[in-house]
Amino acid sequence: MDFLTDYLADVKRRDLLRETPVYQTSDAAHVRLDGRNCLMLAANNYLGLTHCPAVQQAAIEAIEELGTGSGGARLTTGTHSLYPLLEKELAEFKGAEAAVVFNTGYMANVGVISALAGAGDVIFSDELNHASIIDGCRLSRADTIVFRHSDMAELGNLMSRTPCRGRKFIVVDGVFSMDGDIAPLDAIVELARRHKAMVMVDDAHATGVIGPGGRGTAAYFGLENKIQVQIGTLSKALGTEGGYVVGSRELIRYLINRARSFIFSTALAPATIAAARAALEQLKTRPEIVRRLLENAHYMRHQLSTAGLKIAPGFTPIIPVIVGAARTANTLAQELRKEGLIITAIRPPTVPDGTSRLRLAVSAVHTKAELAQATEIIAAAAKRLGVIERVVR
Ligand SMILES: *Cc1c(COP(=O)(O)O)cnc(C)c1O
């Protein structure tokens with residue numbers, strides 16, 4: 001098994017070795033690390049709902065009433081009474097006929113894409129799509145044509161040029177997970193119409209973040225009824241875990257019968273589904289938390305650029321500070337950790353070579369004072385490492 005040693009030595013030499021850091025969470029915006037209180041700027045917990053008392057209470061009650069596990073797959077014994085309620089509420093929230101919950105967003109993408117597309121079909125996929133979309137495309141055996149990020153001229157050309165006897169799909173992240181920008185869904189829908197393709201949007205970072213009331217990318221563009229498949233996760237702004245798909249009643253019935261990641265995995269625990277329902281209820285009844293999130297994102301983006309850091313334009317809470325080399329991004333993240341800021345360095349293969357970055361994720365529960373102080377610390381460390389002059393985008 002020498003290949004393991006060789007591989008690990010190689011990734012370590014290239015500063016790409018990955019490990020799983022352990023944090024002691026103290027609330028939605030803070031963790032304890034080596035006995036010290038740190039500001040969390042790396043979580044996708046955009047609305048702080050992981051620590052919302054109503055959400056926590058719903059999970060506790062579900063455990064007491066229904067137990068800790070579901071006991072089986074959805075099609076056998078695992079569909080406890082909370083599932084259909086959540087699915088109905090998700091469909092309503094997204095303005096769709098029906099919804100189905102998967103165990104994770106990853107499993108939703110892999111299951112949905114491989115159930116809908118097959119040999120002879122063509123999938124047009126943005127180059128920055130999430131790994132779970134890429135894996136779904138591979139598993140489907142359809143021809144996958146990758147287009148340059150959000151380049152609609154190229155997408156149009158590829159769609160005209162690519163012969164296809166089967167079905168055509170365009171698949172994109174709604175809000176791109178590492179760049180925080182929004183897919184040009186209006187142009188995508190128009191190209192799909194012209195080329196008779198179906199559109200799939202992954203709203204992992206869009207639900208609870210963009211669109212009226214945090215309803216996601218389709219709602220942001222007012223195109224709810226033009227998107228055939230909306231995918232998402234309960235693990236980010238909704239603060240729990242699980243993936244979901246919304247669309248027509250037929251689509252959902254088809255997926256329940258065809259998506260292998262749905263069929264062959266044990267259903268989520270009652271506490272998870274109860275928490276998701278309570279989180280969705282918070283989103284519906286307190287839309288001001290989404291406004292606060294976007295206000296904080298705007299504030300942080302302004303602070304960072306005023307401090308001389310070059311960040312990609314946009315308004316979402318995902319703020320990439322492009323650093324370049326993987327080693328520099330790593331060192332910067334480590335320095336910041338010593339100063340009480342948890343910010344992830346994102347390196348290849350998650351992002352292309354030479355675009356390693358700090359990925360900041362702002363939440364609705366950060367205070368402006370915390371964000372201002374964090375900016376000072378980041379700017380000082382970036383200057384020490386000579387990053388501020390070299391930042392390019
Ligand atoms: C996080 C993420 C997923 C996976 O969702 P999980 O629920 O974490 O498995 C899928 N797509 C995108 C764009 C993501 O950012």
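Ligands are counted one by one from 1 in listed order, and the atoms in each one are counted from 1 as well.
- Between the side chains of Thr350 and Arg359, no donor-acceptor pair of N or O atoms lies under 3.5 Å.
- Regarding atom 11 (N) of ligand 1, its nearest protein heavy-atom neighbour is Asp202 OD2, 2.5 Å.
- Closest heavy-atom approach to atom 8 (O) of ligand 1 within the set Ser235, Gly242, Gly136: this belongs to Ser235.
- The contact set between ligand 1 and Thr233, taken as ligand atoms under 4.0 Å from a residue heavy atom, comprises 5 (O), 6 (P), 7 (O).
- Each of the atoms 4 (C), 5 (O), 6 (P), 7 (O), 9 (O) of ligand 1 lies under 4.0 Å from some heavy atom of Gly105.
- When the shell of 6.0 Å around CD of Gln373 is examined, it contains 12 or fewer heavy atoms from other residues, nucleotides or ligands.
- Interface of Asn109 with ligand 1, defined as ligand atoms under 4.0 Å from a residue heavy atom, comprises 10 (C), 11 (N).
- Relative ring orientation between Tyr83 and His80 is described as tilted, the plane-to-plane angle lying within the 30° to 60° band.
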Test log, rule side chain to side chain donor-acceptor pair (under 3.5 Å), inputs His130 and Tyr106:
CA-CA 9 Å; His130 190 261; Tyr106 184 97; over 6 Å; no
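- For ligand 1 and Ala204, the ligand atoms under 4.0 Å from any heavy atom of the residue are 2 (C), 11 (N), 12 (C), 13 (C), 14 (C), 15 (O).
- Across all non-hydrogen atoms, the minimal contact from Ser363 to Asn296 is O-ND2, 2.9 Å.
- Taking the six-membered ring for Trp and the full ring otherwise, Phe176 and His149 have centroids separated by under 6.0 Å.
- Nearest-residue assignment for atom 2 (C) of ligand 1 (options His205, Lys236, Met107, Met178; heavy-atom criterion): Lys236.
- For ligand 1, the atoms closer than 4.0 angstrom to any heavy atom of Ser177 are 15 (O).
- For ligand 1, the atoms lying closer than 4.0 Å to a non-hydrogen atom of Tyr106 are 4 (C), 5 (O), 6 (P), 9 (O).
- Between Ala28 and Val365, the shortest heavy-atom contact is CB-CG2, 3.9 Å.
- Hydrophobic clustering, with ILVMFWY side chains joined whenever heavy atoms are under 4.5 angstrom apart, groups Ile318 together with Leu238.
- For ligand 1, the atoms sitting less than 4.0 Å from at least one non-hydrogen atom of Asp173 are 13 (C), numbered in the order shown with element in parentheses.
- Close approach of ligand 1 to Ser132 is summarised as follows: ligand atoms under 4.0 Å from at least one heavy atom of the residue are 10 (C), 11 (N).
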